[in-house]
Amino acid sequence: MYSADDIYIIMKYFYLLTIPIFLFQSMYAQDFQVQQQLVIDSLSQIIRADRSDTTNANAYLGLSEILYVNNLDTMKILCEKAKAIAEVNLQKSSLTPPETKAFKVILSQSLTNIGYYYGEIGDLEKQEEMYLKGLDLIKEVGKKIDIAATLNNVGYLYGQLGEIEKQKKYYLESLNIRKEIEDEEGTALSLYNLGLLLYNQGDITLALDHLFEALKIQEKIDKKDDIASTLNSLGYIYGQQGEIEKQRDFYLKSLVISEETNNKPGVAIIYNNLGSIYKEQNEYDRALEYFNNCLSLSEEIGLIRGVSNSLNNIGTIYEAQGKIPVALEYFRRSLQIREDINDHVGIINSLLSVGRILFKQGEVKKANNRALEALELSKKIGFTDEIKLSADLLQKTYKSMGKYKEGWEAYELHINMRDSVNNIETQKTAIEQSLKYEFEKKEALAAAAREKEVVLAKAESNRQKIIIWSVSIGLLLIVIFSLIIYNRLKVTRKQKILIEKKNKENELLLGEIHHRVKNNLQVISSLLSLQEANITDETAKAAILDGKERVHSMGLIHKMLYQQNDFSGIDMGEYIKTLVTGLLDSFGKNPDQFELNYDIEDIHLDVDTAIPLGLILNELVVNSLKHAFQSIENPKIGLKLHERNNKLILEISDNGKGDLGKVESSTSFGMKLVKSFCRQLNGKFSMEQMDGLSSKVVINDYKMMSV
């Protein structure tokens, strides 16, 4: 899959320079190629008419910026002509100040375009020279919009050179100028660039803030190609967080816009990213189809990074299929291209791919050398994920070579980097908060409107998806709100120790809070019931029913605490029996027709343990009621809760017809909740198949309350 940094190449195709922007403002997506040819013909006529030097030089630049995608050599020739015209005129002593300024702008832009050419052929030193000369010239002119554009290009160059701090410095300078002059299009680009840079440095929350801010501006000014690029990057980032459905949704929205505007580089990248999704799902034939489509389109338009990434990804498919020699050939072809264009992240990726194959072939020493090269380059550019992957391969090769000390050091580095990446995972809640519910709703509605224009037949389905998404976010906010209330309860309890005179007041306050939380959860349950009555789609109704049961599970705990007044903890025996009876009733089951076997010790838990444990129990019992008892004459459910060796053990079993393999491979929201709450309690979740399905949760972090 393209990294977020690779996706940046899309933006370069639309922000190379600023002077010919007026040439494109009248172009419409459906007539893009026809309009483009008209512009080319118009510029060619200007040059043939032998008009003024400034007009001809600008015409050369305009042609270069239209033709550079398909013919870099032609672009360089055209820019050299513009550069020569500007240099000759700047030697004249008769130039007026406005004429001098105009030719300096032309010369600056010519140098920047020529620098771009050198960058594409891998001569980064020459590119740096051209860019910095162009920057000095445009600063002399003092035209801020062009200064900002050139600063942006210089920043991108330093990213290619691996000088990340310089890259950030130039990006920030560009952003500040664009905000100062209220250049919305440029501001969005700078925010986008900074977002990708922050993502690569591991600051996911701030990266998403920048990308969503850029997206707001792009939608406001209706820059469709930029919207597509930002959606693509957001899809990649969410995919790295394990949110595959959201990732696919962003990619498909981006693809619709890119095809609408005939943005072939954008289409190629999305083909590649969709192929990566299918590869992760082991649908290799489908993945290979997308990768080959990306390769063909990238070769057609001269997208060098697209070619190298496609070759590497095709190699991974052949590797997964056991076709090792073929995979190695693709990896080596990709590595050669990436070395030619000095693509640091791509080089690391290809070195690790080649090293991995060599290791499988038993050429351990060669694999070790590749891993060392990748690690050295990863440390140079400071990218955490690449360091982690390099250290992982390195510790394997050292172990095979019998170098256990070096292997242990590489393993420690891998673990440290892995923990750093995992810390990113723990930021998901903060990420969701930073996105803000209001903007998510607006973005989802806007996306639905765009899709309705493209395919009217899917409008009703899109509306139901938005409803489900809104309900899910609402439930997430409820959980966050509840956790905030619990934290306040803890503070209140500490104050009770210090202020004995207010014992009674605090107890009343605590009871009132539980009562209000219970009432609020009941209101939410009622709202969900009202929503359910207006929905015809069975999938949406099932999702809302599941949400009601989760709300009921949390509300039951607050109800029990409120009724017993002393807040000494939750009687888990009473709670479990009440919860199961309520679930049977919700699903229209007669408790007398079920054999319910309870084996529950006299255990009282605090609220922070009882709520996630109750939600785990809720999901597992609901799963049995939904799927286990079709055609079962004597349905049975067993529930055990014991404390053994400082561990809390919860077991749920049934005698149904559940398929262990399907349950373990399930990506349903319910199973994600079970695993998430197990991690919250530092627990371990397992399942086995006996007479039916048996689930077991072993919890390490819990708090018992004395009665």
Side-chain angles (χ1 to χ4, degrees), residues 1-3 5-7 9 236 239-240 244 268-300 303-378 383 385-401 410 414:
M1 188 179 293
Y2 280 85
S3 71
D5 191 56
D6 291 326
I7 295 171
I9 196 69
Y236 173 82
Q240 295 302 298
I244 304 302
I269 285 179
I270 301 168
Y271 280 160
N272 193 85
N273 291 346
L274 288 171
S276 296
I277 292 178
Y278 286 112
K279 185 188 78 170
E280 292 299 319
Q281 296 173 340
N282 297 328
E283 295 185 38
Y284 296 131
D285 291 339
R286 191 81 180 272
L288 198 57
E289 177 185 348
Y290 274 106
F291 288 150
N292 279 317
N293 287 342
C294 177
L295 178 61
S296 299
L297 188 54
S298 298
E299 290 176 336
E300 174 190 336
L303 187 59
I304 300 175
R305 287 175 178 269
V307 172
S308 65
N309 285 336
S310 299
L311 290 170
N312 190 79
N313 285 330
I314 291 171
T316 64
I317 297 296
Y318 287 125
E319 180 185 4
Q321 293 177 332
K323 301 175 182 179
I324 302 303
V326 180
L328 183 59
E329 177 61 26
Y330 274 94
F331 289 149
R332 283 175 169 160
R333 287 171 60 190
S334 175
L335 176 60
Q336 183 62 55
I337 294 173
R338 286 165 164 174
E339 288 178 337
D340 289 343
I341 64 174
N342 205 25
D343 175 9
H344 289 89
V345 176
I347 292 170
I348 295 167
N349 186 265
S350 290
L351 284 170
L352 293 174
S353 297
V354 172
R356 191 170 61 248
I357 295 295
L358 292 171
F359 184 72
K360 290 179 180 179
Q361 292 179 326
E363 299 186 49
V364 179
K365 179 61 176 175
K366 291 182 179 179
N368 181 261
N369 290 337
R370 296 293 181 276
L372 285 170
E373 291 179 51
L375 180 61
E376 181 180 356
L377 186 53
S378 300
F383 284 2
D385 202 45
E386 280 68 26
I387 296 173
K388 180 195 73 171
L389 295 172
S390 302
D392 183 45
L393 178 58
L394 198 59
Q395 65 99 2
K396 292 175 182 177
T397 59
Y398 276 136
K399 182 178 179 182
S400 293
M401 295 165 65
H414 168 73

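One is the number of the first residue; the rest follow in order along the sequence.
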Exercise for review: Decide whether Y284 and N282 meet the rule of one side-chain donor and one side-chain acceptor closer than 3.5 Å.
Suggested key: yes

Contact check, side chains of E363 and T397, non-hydrogen atoms, under 4.5 Å | no

Close side-chain approach of N273 to I277, heavy-atom, < 4.5 Å: no

### Message
With a 6.0 Å cut-off (strictly less than), is the heavy-atom count around CD of E376, excluding the residue itself, greater than 12?
### Response
no

inquiry  = Looking at K388 and D392, is any side-chain nitrogen of the basic one under 4.0 Å from a carboxylate oxygen of the acidic one?
reply    = no

- request: Please lay out, stage by stage, how S390 and L352 fare under the test side-chain contact (heavy atoms from CB on, under 4.5 Å).
  value: CA-CA 7 Å; S390 302; L352 293 174; 3.9 Å; yes

Trace of the side chain to side chain donor-acceptor pair (under 3.5 Å) decision for S310 with S298: CA-CA 9 Å; S310 299; S298 298; 4.5 Å; no

Open item on the list: Tell me if a side-chain donor or acceptor on S334 pairs with a main-chain N or O of F331 at a distance below 3.5 Å.
Closed with: no

- Mind checking whether P325 and Y318 have side chains closer than 4.5 Å, heavy atoms only? no

Review point. Below 4.5 Å, heavy atoms only, C-beta onward: do N313 and I317 meet side chain to side chain?
Key: no

Do you see a donor-acceptor pair shorter than 3.5 Å between the side chains of E373 and N369?
-> no

*Is a side-chain donor-acceptor pair under 3.5 Å present for N309 with R338?*
yes

inquiry  = Check whether R370 reaches the backbone of L351 with its side chain - one donor and one acceptor, N or O, closer than 3.5 Å.
reply    = no

Please confirm whether R356 makes a cation-pi placement over F359, using NZ or CZ under 6.0 Å from the six-membered ring centre and within 45° of the ring normal. no

- prompt: Please walk me through it: do Q361 and K366 pass side-chain contact (heavy atoms from CB on, under 4.5 Å)?
  reply: CA-CA 10 Å; Q361 292 179 326; K366 291 182 179 179; over 6 Å; no

May I ask you to decide if S308's main-chain N or O and N312's side chain share a donor-acceptor pair within less than 3.5 Å? no

